[in-house]
Visitor: 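Handing you a structure now.
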Amino acid sequence: MNVLQTNRKNINEYRLVEAPAKSLQSGQIRLSVERFSFTANNVTYAVMGDMIKYWQFFPSTDKNGKDISSEWGQIPVWGFATVSESQSDAVAVGERYFGYFPPSDQVVMKPTPAGPGSFVDASDHRASLPAGYNVYRAASTKETQADNERSMLYPLFVTAYAIQDFFASRDWYQAEQVLIISASSKTSIGVAYAMADNTTTPKAVGLTSSRNIATVDGLNLYDQSVAYDSMENLDVSKRSVIIDMSGNQQVLADLHKLLGDNMAMTLNVGITHWDEMQPKAGLIRDRCEQFFAPSHIQEMMKRMGPQEFQADSTRFVSESALKTRSWLQIKELDSLQELTQHYQAVFDGKVDANTGLIVNLT
């Protein structure tokens, strides 16, 4: 099988490996990966791989089958796969699923039923990992556009839905404006969609690079859009919360200094600027919090009930995905080899904000 592996100590180093396929044991299935998205979200998985155990989902081997997971990892991706072989009574050959996969053409799992049309991968090495990433949902009908949108937008927009709920359930910390760093990122756009759904939200201000300011303006989602090099145009007299999708510590420190006591709270979410993460003077650390979407989603499910959460989050993602059709351009890559030609551009933040990459292995 072909696998894209990333050096855990230097995520700019990556390689394609032809690793031996595992023989199935009783209760296991083999899935052939069809298609998956590769975005800044996957950069976050790589940068946070040790902290949140993303590297542990799909252990790596070399071409001889030797475990090399301590050195080389597989960045998890969201997409679709079909069961090509089964030694399980729970899942049959030919069944198709949406979920969390390795950047590989196949993967072995151990399914345990988890309600109608879904299963949990109960492989031993995944037992202690965040439960939300272990669930796989049936997706029998192939619709290329809808599949591409689901692969790319589902994880981002569910996170955005949860971020909006995090603040709404805390009355937005009584803020008058919400400053969203890396406003052109798809998760930021999802937050803006979620805020537009709620008429009680504060003013939304999108911060972005000069290169992306025209794209952000064209979305007509933010009440104001400001380039990083023009932050003097912000109204710092307003009580503000910050949603940080970038991880750029200099931008964050500059904002904290400008706002001072009016910086009510910063939620650290993504790291689109992962190479700018060295701590900077001026950060108000006691008013910063790291956001982990699966944990907040569990909180929402307890509060709303699983069925209501599933219904409302699905509605939001579906409606928001339709809105992206006016600006989102899907670029399909035909192989893992072609992905290696775009890998660095994704990690360097050089993929156009209105473009999404889908790897099609069929």
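Computed from a prediction, not measured in an experiment: that's the story for all the values here.
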Visitor: Do you know the tightest heavy-atom contact between His342 and Lys331?
Guide: NE2-CE, 3.3 Å

Visitor: Do Asp223 and Lys203 sit within salt-bridge range, that is, some charged N less than 4.0 Å from a carboxylate O?
Guide: no

Visitor: Look at the side chain of Ser230 and the backbone N and O of Val226, then say whether any donor-acceptor pair between them is shorter than 3.5 Å.
Guide: no

Visitor: Checking Thr340 side chain against Glu338 main chain: does a donor-acceptor pair fall under 3.5 Å?
Guide: no

Visitor: Is it true that Arg239 and Asp261 have a side-chain N and a carboxylate O under 4.0 angstrom from each other?
Guide: no

Visitor: If you group Ile, Leu, Val, Met, Phe, Trp and Tyr whenever their side-chain heavy atoms sit less than 4.5 Å apart, what else falls in with Met1?
Guide: Val3

Visitor: Are Gln164 and Asp197 close enough, and set up right, to give a side-chain hydrogen bond (donor to acceptor under 3.5 Å, both in side chains), and what steps lead you there?
Guide: CA-CA 10 Å; Gln164 197 277 156; Asp197 266 1; over 6 Å; no

Visitor: Can you label the angle between the Phe119 ring and the Tyr136 ring as parallel, tilted or perpendicular, going by 30° and 60°?
Guide: parallel

Visitor: Quick check: does any side chain N or O of Gln249 sit under 3.5 Å from a backbone N or O of Gly247, one acting as donor and the other as acceptor?
Guide: yes

Visitor: Any chance you could lay out the side-chain hydrogen bond (donor to acceptor under 3.5 Å, both in side chains) test for Ser210 and Asp229, step after step, and finish with the verdict?
Guide: CA-CA 8 Å; Ser210 298; Asp229 56 8; 3.1 Å; yes

Visitor: Hey, are Glu319 and Lys323 close enough for a salt bridge, meaning a charged N less than 4.0 Å from a carboxylate O?
Guide: no

Visitor: Of the non-hydrogen atoms in Val251 and Asn248, which two are nearest, and what is the gap between them?
Guide: N-OD1, 3.2 Å

Visitor: Under 3.5 Å, is there a donor on one side chain and an acceptor on the other for Tyr97 and Ser118?
Guide: no

Visitor: Name all residues meeting the side-chain hydrogen bond (donor to acceptor under 3.5 Å, both in side chains) criterion together with Gln298; count only those two or more places apart in sequence or in a different chain, and write none if there are none.
Guide: none

Visitor: Using a side-chain heavy atom cutoff under 4.5 Å and only I, L, V, M, F, W and Y, what cluster partners does Val108 have?
Guide: Leu24

Visitor: Using the benzene-type ring in the case of Trp, are the ring centres of Trp78 and Tyr100 under 6.0 Å apart?
Guide: yes

Visitor: If you count the non-hydrogen atoms of other residues, nucleotides and ligands that lie under 6.0 Å from CD in Glu143, is the total more than 12?
Guide: no

Visitor: Is the ring pair His296/Phe291 parallel, tilted or perpendicular, if the boundaries are 30 and 60 degrees?
Guide: tilted

Visitor: What's the shortest heavy-atom distance between Lys186 and Phe157, and which atoms?
Guide: O-CE1, 3.2 Å

Visitor: For Ala353, is there any backbone N or O sitting under 3.5 Å from a side-chain donor or acceptor partner on Asn212?
Guide: no

Visitor: Taking side-chain hydrogen bond (donor to acceptor under 3.5 Å, both in side chains) as the definition, give me every residue that meets it alongside Thr82, ordered by chain and number, with sequence neighbours left out.
Guide: Glu34

Visitor: Applying ring-ring contact (aromatic ring centres under 6.0 Å, His included), name anything that partners Phe309, two or more places apart in sequence or on another chain.
Guide: Tyr161

Visitor: Report, as yes or no, whether the 6.0 Å neighbourhood of atom CD on Gln25 holds more than 12 heavy atoms from other residues, nucleotides or ligands.
Guide: no

Visitor: Listed by chain and number, what are the salt bridge (Lys or Arg N to Asp or Glu O under 4.0 Å) partners of Arg170, not counting sequence neighbours?
Guide: none

Visitor: Quick one: are Ser140 and Arg96 in side-chain contact, heavy atoms under 4.5 Å?
Guide: no

Visitor: Taking Ser246 for the side chain and Ser182 for the main chain, is one N or O donor matched with an acceptor at less than 3.5 Å?
Guide: no

Visitor: Between Ala183 and Ile189, what is the shortest heavy-atom contact and its length?
Guide: O-CG1, 3.7 Å

Visitor: Taking all non-hydrogen atoms of both residues into account, name the closest pair between Arg287 and Ala264 and its distance.
Guide: CD-O, 3.6 Å

Visitor: Start with the C-alpha gap between Phe57 and Tyr133, add the side-chain angles, then the distance that decides, and say whether ring pair (Phe, Tyr, Trp, His ring centres under 6.0 Å) holds.
Guide: CA-CA 9 Å; Phe57 280 91; Tyr133 294 125; 5.6 Å; yes

Visitor: Run the salt-bridge test on Arg15 and Asp62 with the 4.0 Å N-O cut-off and return the result as yes or no.
Guide: no

Visitor: Has Ser104 got a side-chain atom pairing as donor or acceptor with Asn2's backbone, closer than 3.5 angstrom?
Guide: yes

Visitor: Could you check whether any side-chain N or O of Ser318 sits under 3.5 Å from a backbone N or O of Thr314, counting only pairs where one atom can act as donor and the other as acceptor?
Guide: yes

Visitor: One thing to verify: whether Arg150 and Asp147 come together as a salt bridge, which I'm taking to mean a side-chain N less than 4.0 angstrom from a carboxylate O.
Guide: no

Visitor: Quick check against the 3.5 Å criterion: does Arg35 have a side-chain atom that pairs as donor or acceptor with the backbone of Phe80?
Guide: no

Visitor: Do Tyr193 and Phe316 make the cut of ring centroids closer than 6.0 angstrom?
Guide: no

Visitor: Apply the test side-chain hydrogen bond (donor to acceptor under 3.5 Å, both in side chains) to residues Thr39 and Asn41: give CA-CA distance (whole Å), side-chain angles for both, the deciding distance (0.1 Å), then the verdict.
Guide: CA-CA 5 Å; Thr39 69; Asn41 189 45; 4.9 Å; no

Visitor: Is Ser37 reaching over with its side chain to a backbone N or O of Ser151, donor-acceptor style, under 3.5 angstrom?
Guide: yes

Visitor: Is any side-chain N of the basic residue among Lys9 and Glu71 closer than 4.0 Å to the acidic one's carboxylate O?
Guide: no

Visitor: Is Trp72 close to Thr61 at the side-chain level, that is, under 4.5 Å between some pair of heavy atoms?
Guide: no

